[in-house]
Chemist: 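The structure that follows is given in the form of structure tokens.
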Amino acid sequence: MNKLSLGDQAPSSKVNRWVNPSFIDLSGKSFSPSERTKDSHVLCSKAKPKRPRKRKGETDSSDSNSSYLPKETAPRDQDVPWVDRYLPCSKAELAVHKKKIEEVENWIRVHTNTFKGGILLLTGPSGCGKTATVQVLCQELGLRVQEWTNPTSLEPYTSSQHEWRMPGLSCTSQLDQFQEFLLRANKYNCLKMVDDGDVTDIKLILIEDFPNQFYRQPGSLHDILRRFAKTNRCPLVFIVSDSLSGDRSSRFLFPREILEELDINSISFNPVAPTTMMKVLTRISTLEAGKQSCGRMCVADQAVLEMLCSGSSGDIRSAINSLQFSSLPDIPLEKQWWKVMKDRPVASLGRDVSRTNQRKNKAKQAKEQEEGQAIGGKDASLFLFRALGKILHSKRENPEGAEGAKGAGVPGLPTHLVQHHREALLVHPELVVERSHMSGETFNLYLHQNYLDFFSEVEDVDRASEYLSDADLLTADWMSRSTMGDYGSSVGTRGLLHSNSQQVAVGFRPLHKPNWLLVNKKYRENCLAAQCLFRSFCLIPVSLQTELLPYLAKLTNPMRNQAQIAFIQDVGHMSLRRFPGRLKLETLTDKEPGQLVLNSGEEEDKEECQEGGEEGLPASQPQPTTSQSLQEEDLMIEEYNSD
Amino acid sequence: MSLWVDKYRPTSLGKLDYHKDQASQLKNLVQCGDFPHLLVYGPSGAGKKTRIMCLLRELYGAGVEKLRIEHQTIVAPSKKKIEINTIASNYHLEVNPSDAGNQDRVVIQELIKTVAQSQQIQSSTQREFKVVLLTEVDRLTKDAQHALRRTMEKYMATCRLILYSNSTSKVIGPIRSRCLAIRVPLPSTEEVCNVLTSVCKKEGLLLPPELAKQISEKSGRNLRKALLMCEACRVQQYPFSVDQDVPETDWEAYLRETANAIVSQQSPQRLLEVRARLYELLTHCIPPDIIMKGLVRELLNNCDGHLKTEVAHMAAYYEHRLQLGNKAIYHLEAFTAKFMAIYKKFMEDGLDAMMF
């Protein structure tokens, strides 16, 4: 990336003097993030170290402070975090899927050529290369990136300080500044600098940092965007990180209506695939190893890399940071860690392999893998789609492998129980549920909605549905629900796995969201409405709903008010022909993180409604219909297994 | 224009059409001047409510018919506000405590307390007690029923309770023993026919006896349903013809089609369709236990005699779970799947037996 302009560097070194570098070196040299290695390599990851806060805004939004020009600077320095040193500088080095890059590139091309800008929203988990992609593409296409950063008054401003303090301007809110920035950045070109050379003045506005006010009132962002859209000249890119833990910022800031109204394109990134990540990590470690003259750093071996890779759950930034940290010598903690690692390198290796389903008899070590990762381990989590897939497309050991295991001393089942024999599971259902960030009950609901597609025999369905019924019974009592919930989900998932005796590979099946919550809510609302509207009949609810209402629909009895008529029309009538139309199946989108956030929200307030619109597949993900998408899907699960 | 059911509802004990012995007993009971707490039970559509209202009229005169619907807010000890609707006259108060869900105990205690604490002003000319009418007692929680027991004793001086429910099996023993239980059985087919004929006569219509019989059979002797059916027949076609279709409710027809779908094919795909239909029924306000009951009835009609015991057994098993459990669909679906499995096995066995 290396695009910090000269203007940036002065404040940056100043600012960072009182920030200790995270990876301080033994040599104790001073640290400056603006210095870049010339041979920067590999990697996508968020490019910026602590970038100095800049005030964008009301006076000179187009000054060089806020635009980065492609520029090679910086002597090499050992102390630069690897994340920065190995920034990707070409498309080939990005650890993002080629199609994604292409998609973003196309968008940028289309919207810069026409001079009629558009708005793009990039979402995805942190550390999956969103920013890096934009930066690299802009560099390759020769665009200026103009980025908004939240102003803070804590920053030492020297030159522009006076303006900032001027009465009248000092009280402008962040919001106004943002708006000013956006409109000015849109309207005016950058100043031509002498040394800019051949850089065009086509620019791209990047917003990654949102003024806090927007989180409180997303409406104000929408207003600004509407105004912006009217006079739009240059492309505007928003980058919003998704997170699994209930933070639904992208949905919150950019609800569906706004996306449609302003014609915002949305592209969502996936976590970095383990294979790509391995490639990157290996490359960095070999480059580093090549540089070692004094042996100051230990070089991580393959097993360590794989562990880092699996522990980072697709966050390449954290993986590289972990790699750098683990390569530091002479740290007591680290020695211990090495010892642990040396003790069981095989185990860790085998563990990964068992996940990728290549070595069958390692399933037992699944436990070991939960023993945590020493450095930089993230809590592994599964998107709902994949978690469901793990249960529904259950993977078991190969029969041959199991024969061997049986020979090793596990006695077989007695003859009258032989029909209950199943091969050992390769997944831990409890673990899957835990990682799906959902309560067992909700997870069971999802399973219930989807399990029928994966069964071929009615007898199996019979058993499976009985297990689900058991699971519901276990969690029925609210007093013991917190304790019994885990048992319930265990019974549900394991029961489902066990009762599917046929184990046919069914290929891709779309997954759906459970209807039950909606149906149940509707049932209660309708019952309540019925009682309110027809109170004058003095009937108990059951006879009201099953006798009076259906017949009222058939009679020409004049109703007292409009509401009653409407209700009778809606509830009293039941068309036999109409196949349940009001229950549209809502397809669960794969690997859409925002989706999961929404779902978990649903589960929290299931008493409330879930009208917060369900979304279909985002435009960036083609509707899976063809066999090609089938392969893609399988591939996806494979990949995920291996981390 | 009101419905026939309401229009021709008898208003005094003397005018009741059937169970006349019971009516005269009730009359005697009231004429003694005082009466114990009552527990009126019997199947839906047998005329429990009518009888109770007649009794109240006998007791207080025409004043009980001036009804007003009130909306009351009760504050639970946990500061939660419970809103409940009551129907009241000057002499009585009717409330369905199970509207309040889990908080029904509070409703019972507070409402009865407020009613019972206020004395009648002119006790010389009026009865010295008021009546509280509690509907759907069988749906009360155990907590509420125990609260009711204490309240019954405490306010005996100023208030009488009339409880009514479909069955006493869910009413706890202490309450049953404190009340005079009155069972109101369903009218016989002839009695239903008589009522239908007399109502039609009052409407100036001529109801052929065959049609009356057909309606009364189809309604399952549920008089409310029979009258509604009869009125629907009138809308459908008049003059009545003997072989006229008696209109049934949409949901019953829908449920029958669902049962047919289950019997005609047993596969996971079919189960998925059935689930969608069950959801559809639920959104049309049909309670899950009614769905279960209707489904079993239709399925039993469709299956072989050998299977009936087993199917009924499984239905009871899952209906129980339905009551205990949280999410009805699991149990409804489990029952459907079970039936499919049983039925499929039976058919395959039958096929094998034919082959050899």
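Just so you know, these numbers come straight off a predicted model, no measurement behind them.
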Chemist: Indicate yes or no for a side-chain donor-acceptor contact from A:D472 to the backbone of B:G325 under 3.5 Å, with no hydrogens or angles considered.
Modeler: no
Chemist: In chain order, what residues pass the ring pair (Phe, Tyr, Trp, His ring centres under 6.0 Å) check against A:H498, with sequence neighbours excluded?
Modeler: A:H420
Chemist: Below 4.5 Å, heavy-atom pairs only: which of B:E136, B:K225, B:K345, B:M340 has the largest tally toward chain A?
Modeler: B:E136
Chemist: Is it the case that more than 12 heavy atoms not belonging to B:M347 sit under 6.0 Å from its CE atom?
Modeler: no
Chemist: Is there side-chain contact between A:T546 and B:S44, with heavy atoms separated by less than 4.5 Å?
Modeler: no
Chemist: Can you say whether A:L539 sits under 4.5 Å from chain B via the side chain, the backbone, both, or neither, judging by heavy atoms?
Modeler: side chain
Chemist: Can you tell which of B:I329, B:V235, B:L281 has the highest number of heavy-atom pairs within less than 4.5 Å of chain A?
Modeler: B:I329
Chemist: Could you check whether any side-chain N or O of A:N526 sits under 3.5 Å from a backbone N or O of B:T283, counting only pairs where one atom can act as donor and the other as acceptor?
Modeler: yes
Chemist: Among B:Q269, B:Q236, B:R139, B:M229, which has the most heavy-atom pairs under 4.5 Å with chain A?
Modeler: B:M229
Chemist: Any donor-acceptor pair under 3.5 Å linking the side chain of A:Y551 with the backbone of B:P247?
Modeler: yes
Chemist: What closest approach, in Å, do B:K327 and A:E441 show between heavy atoms, and which atom pair accounts for it?
Modeler: NZ-OE2, 3.0 Å
Chemist: In terms of relative ring orientation, are A:W516 and B:Y279 parallel, tilted or perpendicular, with 30° and 60° separating the classes?
Modeler: tilted
Chemist: Starting from the C-alpha separation in whole Å, work towards a yes-or-no answer on side chain to side chain contact (heavy atoms under 4.5 Å, CB included) for B:L3 and A:L552.
Modeler: CA-CA 9 Å; B:L3 296 170; A:L552 273 182; 3.9 Å; yes
Chemist: Where does A:Y467 contact chain B at under 4.5 Å (heavy atoms): side chain, backbone, both or neither?
Modeler: neither
Chemist: Determine whether A:V519 and B:L278 satisfy the following criterion, side chain to side chain contact (heavy atoms under 4.5 Å, CB included), listing intermediate values before the conclusion.
Modeler: CA-CA 10 Å; A:V519 168; B:L278 292 177; over 6 Å; no
Chemist: Please determine, among B:N96, B:V5, B:N222, the option with the most heavy-atom pairs under 4.5 Å with chain A.
Modeler: B:N222
Chemist: What's the verdict on side chain to side chain contact (heavy atoms under 4.5 Å, CB included) for B:T249 and A:E547, showing C-alpha distance, side-chain angles and the deciding distance?
Modeler: CA-CA 8 Å; B:T249 53; A:E547 292 165 16; over 6 Å; no
Chemist: Residues in salt bridge (charged side-chain N to carboxylate O under 4.0 Å, His left out) with A:D470, at least two apart?
Modeler: B:R321
Chemist: Within a strict 4.5 Å, meaning less than it, do heavy atoms of the A:D462 and B:K344 side chains meet?
Modeler: no
Chemist: Could you walk me through whether A:F455 and B:L271 pass the side chain to side chain contact (heavy atoms under 4.5 Å, CB included) check?
Modeler: CA-CA 11 Å; A:F455 283 69; B:L271 186 58; over 6 Å; no
Chemist: What part of A:D460 gets closer than 4.5 Å to chain B, counting heavy atoms only: side chain, backbone, both or neither?
Modeler: neither
Chemist: Would you call B:I290 and A:Q545 a side-chain contact if the rule is heavy atoms closer than 4.5 Å?
Modeler: no
